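Okay, structure first, notes after.
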Amino acid sequence: MTATPATLLQRWLERQLDDVARTWLAGRRDELQAAYTDRALHITLGMIPRRLGKADLALAAGDLDAARHAREHWDPRGWSVADAARVLVLVETAGAGNQPFPARFADLCRTAEVGELIAFYRGLPLYPEPPALEAQAAEGVRSNMRAVFEAVAHASPYPREVFSQERWNQMVLKALFVGSRLAPIQGLDARANPELAAILCDYAHERWAAGRAVSPELWRCVGPFAEGPMVADLAKVLDGGSEAERQAAALALAASPSADAARALQAAPDLRRKVNEGALDWDALAGGGEP
């Protein structure tokens, strides 16, 4: 039988925690199951880092595969022990009490300190009623704190599966505003769209006008829809950009259906060859790609 996310979180925590921390967490979980109160939940969530510590969650060989079997595209890499315990407690108490989980989740996020907020948002793929959590998840991607933004946007299937196109486009643009990488956003290529391409080109022009650099990753979401002025923008980057920018422009031009894009790419035969041979792709350019 495939393990549930809660079962896996419990297993990983029990494997890593010492006896004192393990006993404390088990006791708090038992108390919440036996006699749930909002106060007890808040106390438990607040005490977790002090009782369990903030070490990285140690994932052994096979744990990532187990996670993806338990919940498609779930990626707990980068979580801390405190993150895992907080999410486990929220998942286990989701149906307890009189308040619907989406309302409880919003209340928790409104009063959370940064560490709690990061944990709560990392758990988005595992909670019940995903569509009802979208408005609160959108608050996370509006944050100017990069760690909070990335707790929603990075290594999570939630935005890909739930966000409207408008909200998705806002998230991708916000990633560029806060200096966050695009590659760890799951579904980046699948959810690219013409409206987003136009938005990103406008953003690039604003940056250029202000004499500021443009992230090479921006062009990843432009290439498949590049025609006319967009192709001209890419040709400009291919001609005068940094090496990383030129590589990005070549990848974007290669993805464009436009004959003008194919002609523009002829100006960089070495890059065109690397793209065609698979020696250059977005993951390599971004230094990693989707976690």
Side-chain angles (χ1 to χ4, degrees), residues 141-142 144-147 149-150 153-155 159-160 165-291:
V141 297
R142 278 195 284 269
N144 289 321
M145 290 184 285
R146 198 168 91 177
F149 169 85
E150 291 177 353
H154 279 188
R160 176 186 190 174
Q165 179 171 296
E166 179 181 7
R167 197 153 274 159
W168 175 268
N169 291 352
Q170 290 170 349
M171 181 185 73
V172 174
L173 182 61
K174 185 60 179 280
L176 297 168
F177 270 115
V178 300
S180 183
R181 293 170 62 222
L182 299 188
I185 297 175
Q186 292 190 7
L188 185 65
D189 296 323
R191 291 210 57 180
N193 58 84
E195 182 181 347
L196 176 59
I199 290 170
L200 294 179
C201 283
D202 287 344
Y203 173 72
H205 279 267
E206 291 174 6
R207 299 279 294 183
W208 287 336
R212 305 181 71 181
V214 173
S215 168
E217 283 193 287
L218 176 148
W219 304 110
R220 180 171 181 171
C221 298
V222 173
F225 310 99
E227 295 186 0
M230 292 183 186
V231 172
D233 288 342
L234 290 167
K236 171 185 172 181
V237 176
L238 186 68
D239 179 58
S242 68
E243 184 59 24
E245 290 170 334
R246 295 184 68 247
Q247 290 174 353
L251 286 165
L253 287 167
S256 170
S258 168
D260 290 338
R263 283 191 288 270
L265 188 53
Q266 291 176 3
D270 288 346
L271 289 177
R272 181 181 62 177
R273 175 180 54 79
K274 288 180 180 179
V275 172
N276 291 339
E277 293 176 352
L280 175 61
D281 59 24
W282 288 110
D283 288 349
L285 181 63
E290 258 186 34

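Computed from a prediction, not measured in an experiment: that's the story for all the values here. Every heavy atom of this structure was used, including side-chain atoms; hydrogens, water molecules and symmetry mates were not.
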- [ ] Would you give the length of the straight line joining atom CG of N169 to atom CZ of R191, rounded to the nearest 0.5 angstrom?
- [x] 8.0 Å

Task: From L196 atom CG to L173 atom CG, the distance as rounded to the nearest 0.5 Å - done: 8.0 Å

Open item on the list: On a heavy-atom basis, which atom in L285 and which in A244 lie closest, and how many Å separate them?
Closed with: CD1-O, 3.7 Å

- [ ] Report, as yes or no, whether the 6.0 Å neighbourhood of atom CD on E277 holds more than 12 heavy atoms from other residues, nucleotides or ligands.
- [x] yes

Open item on the list: My understanding is that only residues two or more places apart in sequence, or in another chain, count here; which of them pass side chain to side chain contact (heavy atoms under 4.5 Å, CB included) with E243?
Closed with: R246, Q247, L271

Task: Listed partners of E245 passing side chain to side chain contact (heavy atoms under 4.5 Å, CB included), at least two apart - done: P216, V237, S242

Task: Separation of D281 CG from R220 CZ (nearest 0.5 Å) - done: 8.5 Å

Open item on the list: If you define the side chain from C-beta out and look only at heavy atoms, does anything of W219 sit under 4.5 Å from V214?
Closed with: yes

- [ ] Mind jotting down which residue pairs meet the salt bridge (charged side-chain N to carboxylate O under 4.0 Å, His left out) criterion with at least one end in residues 251-265? Sequence neighbours excluded, please.
- [x] D260-R263

TODO: For residues E217 and A183, report the shortest heavy-atom separation together with the two atoms involved.
DONE: OE2-N, 2.8 Å

Open item on the list: Can you give me the closest heavy-atom contact between A226 and S258, atom names plus distance?
Closed with: O-CB, 3.6 Å

Open item on the list: Tell me every residue that passes side chain to side chain donor-acceptor pair (under 3.5 Å) with E195, counting only those two or more places apart in sequence or in another chain.
Closed with: Q165

TODO: Could you tell me whether the side chain of R160 reaches within less than 4.5 Å of the side chain of L188, counting heavy atoms only?
DONE: no

- [ ] Please report the shortest heavy-atom distance between L253 and A261, naming the atom on each side.
- [x] O-CB, 3.6 Å

Task: Set of side chain to side chain contact (heavy atoms under 4.5 Å, CB included) partners for A254, sequence neighbours left out - done: L265, V275

Task: D270: partners by side chain to side chain donor-acceptor pair (under 3.5 Å), with sequence neighbours left out - done: none

Task: Gap between atom NZ of K174 and atom CZ of R142 - 0.5 Å precision - done: 8.5 Å

Task: Within 6.0 angstrom of K274 NZ, more than 12 heavy atoms from elsewhere - done: no

- [ ] Report the distance from atom CE of M171 to atom CG of L182, rounding to the nearest 0.5 Å.
- [x] 9.0 Å

Donor-acceptor contacts, no H, no angles, side chain residues 197-207, under 3.5 Å, sequence neighbours left out:
unit_1 : atom_1 : unit_2 : atom_2 : d
H205   : NE2    : D233   : OD1    : 3.1
H205   : NE2    : D233   : OD2    : 2.9
R207   : NE     : A213   : O      : 2.8
R207   : NH2    : A213   : O      : 2.8

Task: Qualifying residues under side chain to side chain contact (heavy atoms under 4.5 Å, CB included), relative to S180, sequence neighbours excluded - done: R146, F149, E150, H154, A175, V178

TODO: Please answer whether the main-chain N or O of A286 pairs with a side-chain N or O of R181 as donor and acceptor at a distance below 3.5 Å.
DONE: yes

TODO: With sequence neighbours left out, write down each residue that passes side chain to side chain donor-acceptor pair (under 3.5 Å) with K236, or none if nothing qualifies.
DONE: none

Open item on the list: I need the N193 CG to F225 CZ distance, nearest 0.5 Å.
Closed with: 6.0 Å

